[in-house]
Amino acid sequence: MHLRPDITELQARARADLRMGVPVVLGLEGRFALVAAAETLGPQRLADIRSLPGQPVLAITARRAETLKARAYDAQAARVVIPESATCDWLRSLSDPADDLMHPMKGPLQTLREGDARLARAAITFCKAARLLPAALLLEIDAGPAFAAEHGLTWLDAGAAYPVLHTTSPMNEVVHARLPMTVSEAGRLHIYRPEDGGEEHYAVEIGSPPRDAPVLARLHSACFTGDILGSLKCDCGPQLRGALAQMGREGAGVLLYLNQEGRGIGLANKMRAYSLQDQGFDTVEANHRLGFEDDERDFRIGSEILKRMGFSQVRLMTNNPKKVAMMEAAGVKVTERVPLKVGQNPLNEAYLATKAAKSGHLL
Ligand SMILES: Nc1nc2c(ncn2[C@@H]2O[C@H](COP(=O)(O)OP(=O)(O)OP(=O)(O)O)[C@@H](O)[C@H]2O)c(=O)[nH]1
Ligand SMILES: [Zn+2]
């Protein structure tokens with residue numbers, strides 16, 4: 001019988017559980033922790049977790065700890081001791097920087113120095129993968145698998161899950177169909193589905209680009225606000241339309257529409273970042289205050305899809321040298337970087353300047 005879910009399927013299940021506010025059990029080298037995402041944890045489950053023996057902690061990223069002036073004692077994760085009186089709102093106020101400026105004094109916060117922070121790191125990795133705030137309530141427990149079975153919770157070994165979470169999942173084409181567009185009537189849309197239960201990604205193929213020559217290509221990261229709503233805060237919409245228009249003019253090209261909204265933090269977190277930007281922080285600082293890195297995208301998804309389509313060389317439309325480097329590292333040759341400078345306006349001037357100064361984008 002092979003009905004039992006494997007580690008890839010279990011990590012997808014864990015992500016879904018955390019998004020719904022259901023705790024999961026993580027194990028690592030014989031130690032176990034009950035883990036719940038701070039963003040979605042409800043009061044009843046918090047009370048239930050508190051009724052168990054042991055000292056629950058809030059795992060936050062070292063970046064978030066820095067903002068909260070709490071010592072992390074670990075390069076990636078801090079474990080904040082939770083006072084008896086802590087409510088869900090208290091946990092969320094530590095996880096979410098929205099009210100930091102209004103209520104700057106959250107501490108002094110006590111953090112754990114002793115012991116192993118690796119389960120805390122794993123808990124944060126799962127919250128990020130679930131596109132939630134990177135903060136988790138964590139309680140070390142004995143006999144994790146038995147506890148999980150008793151309460152019907154998902155349990156998985158974090159050590160086995162790590163490679164799954166950090167490797168790009170194989171992408172399989174689900175379907176493709178003809179799609180005439182204003183830029184070209186010879187359009188075709190391909191849908192790719194990863195094997196790890198993650199987001200689907202799309203490939204827009206214009207014309208019939210030969211597989212043995214460099215193809216005009218764009219790796220476009222989803223931006224609901226820019227692509228669909230015409231937001232003036234970024235340049236994504238004009239870049240999307242500009243890239244497609246050039247492919248239409250040349251009669252051939254591939255645009256990958258990668259569902260990595262908000263540089264991989266998800267739309268809800270991106271809107272949290274926008275709200276912080278309205279408080280005066282730039283795009284990079286806002287990500288850091290939320291506990292994220294500047295850019296949480298996995299660009300290898302793009303190279304994986306291009307290779308699946310049969311392309312090994314690209315003329316890449318981008319202003320981001322990191323995309324070029326990643327494509328080369330992933331075995332797709334970039335024969336030319338094609339600049340894509342469209343959509344500058346007075347409202348995104350500062351955003352584009354920050355990307356040039358801090359993220360290495362070429363102006
Ligand atoms: N977290 C966050 N994401 C943003 C913000 N503004 C735009 N994005 C996202 O950034 C992604 C686009 O990335 P960009 O940095 O503009 O461009 P790039 O893809 O790195 O480089 P180019 O190829 O030159 O466009 C999209 O996923 C947007 O949703 C922001 O202020 N914060
Ligand atoms: Zn955008």
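Both ligands and their constituent atoms are indexed starting at 1 by order of listing. Residues: numbered from 1 along the sequence shown. All values below were derived from every heavy atom in this structure, side-chain atoms included, with hydrogens, water molecules and symmetry-related copies excluded.
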**Report entry** For ligand 1, the portion of Asn287 having any non-hydrogen atom under 4.0 Å away
**Finding:** side chain
Assess, by modelled atom type and distance only, whether the side chains of [X] and [Y] contain a donor and an acceptor separated by less than 3.5 Å.
X	Y	value
His190	Glu205	yes
Thr61	Lys128	no
Gln44	Asp48	yes
Asp298	Gln260	no
Ser359	Asp294	no

Query raised in the report: Honestly, is Lys233 close enough over Tyr274, meaning NZ or CZ under 6.0 Å from the six-membered ring centre and within 45° of the axis?
Result: yes
Requested in this report: Assess whether atom CG of Asp142 is packed by more than 12 heavy atoms of other residues, nucleotides or ligands within 6.0 Å.
Outcome: no
Query raised in the report: Is atom NZ of Lys358 surrounded by more than 12 heavy atoms (other residues, nucleotides or ligands) closer than 6.0 Å?
Result: yes
Query raised in the report: How long is the span from the CG atom in Leu109 to the CZ atom in Arg71, to the nearest 0.5 Å?
Result: 13.5 Å
Query raised in the report: What protein heavy atom sits nearest atom 24 (O) of ligand 1, and how far off is it?
Result: Asn319 N, 2.8 Å
Requested in this report: Please write down residue, atom name and distance for the protein heavy atom closest to atom 21 (O) of ligand 1.
Outcome: His361 CE1, 3.2 Å
Mark up the atoms of ligand 1 that fall under 4.0 Å of a heavy atom belonging to [X], in ascending order.
X	value
Cys223	28 (C), 29 (O)
Ile265	1 (N)
Lys355	14 (P), 15 (O), 16 (O), 17 (O)
Ala222	26 (C), 27 (O), 28 (C), 29 (O)
Gln239	24 (O), 25 (O)
Lys323	18 (P), 19 (O), 21 (O), 22 (P), 23 (O)

Going by heavy atoms, is [X] under 4.0 Å from ligand 1?
X	answer
Phe292	no
Leu340	no
Arg297	yes
Arg218	yes
Tyr351	yes
His220	no

**Report entry** Arg131 vs Glu261, salt bridge (charged side-chain N to carboxylate O under 4.0 Å, His left out): CA-CA, chis, key distance, verdict
**Finding:** CA-CA 10 Å; Arg131 302 284 187 259; Glu261 177 65 62; over 6 Å; no
**Report entry** Parallel, tilted or perpendicular, as decided by the 30° and 60° cut-offs, for the rings of Trp155 and Phe32
**Finding:** perpendicular
Requested in this report: Take the angle between the ring planes of Phe147 and His151 and call it parallel below 30°, perpendicular above 60°, tilted in between.
Outcome: tilted
Report task. Closest by any non-hydrogen atom to atom 9 (C) of ligand 1: pick that one out of Gln260, Arg272, Arg263, Met271. Result -> Arg263
Requested in this report: Would you mind finding which of Thr318, Leu267, Leu258, Thr283 brings a heavy atom closest to atom 23 (O) of ligand 1?
Outcome: Thr318
**Report entry** Contact check: Gly262 vs ligand 1, nitrogen or oxygen atoms, below 3.5 angstrom
**Finding:** yes
Query raised in the report: For Phe299 and ligand 1, does the shortest N/O to N/O distance drop below 3.5 Å?
Result: no
Report task. Please calculate the SG(Cys234)-the Zn ion (ligand 2)-SG(Cys223) angle and round it to 10 degrees. Result -> 120°
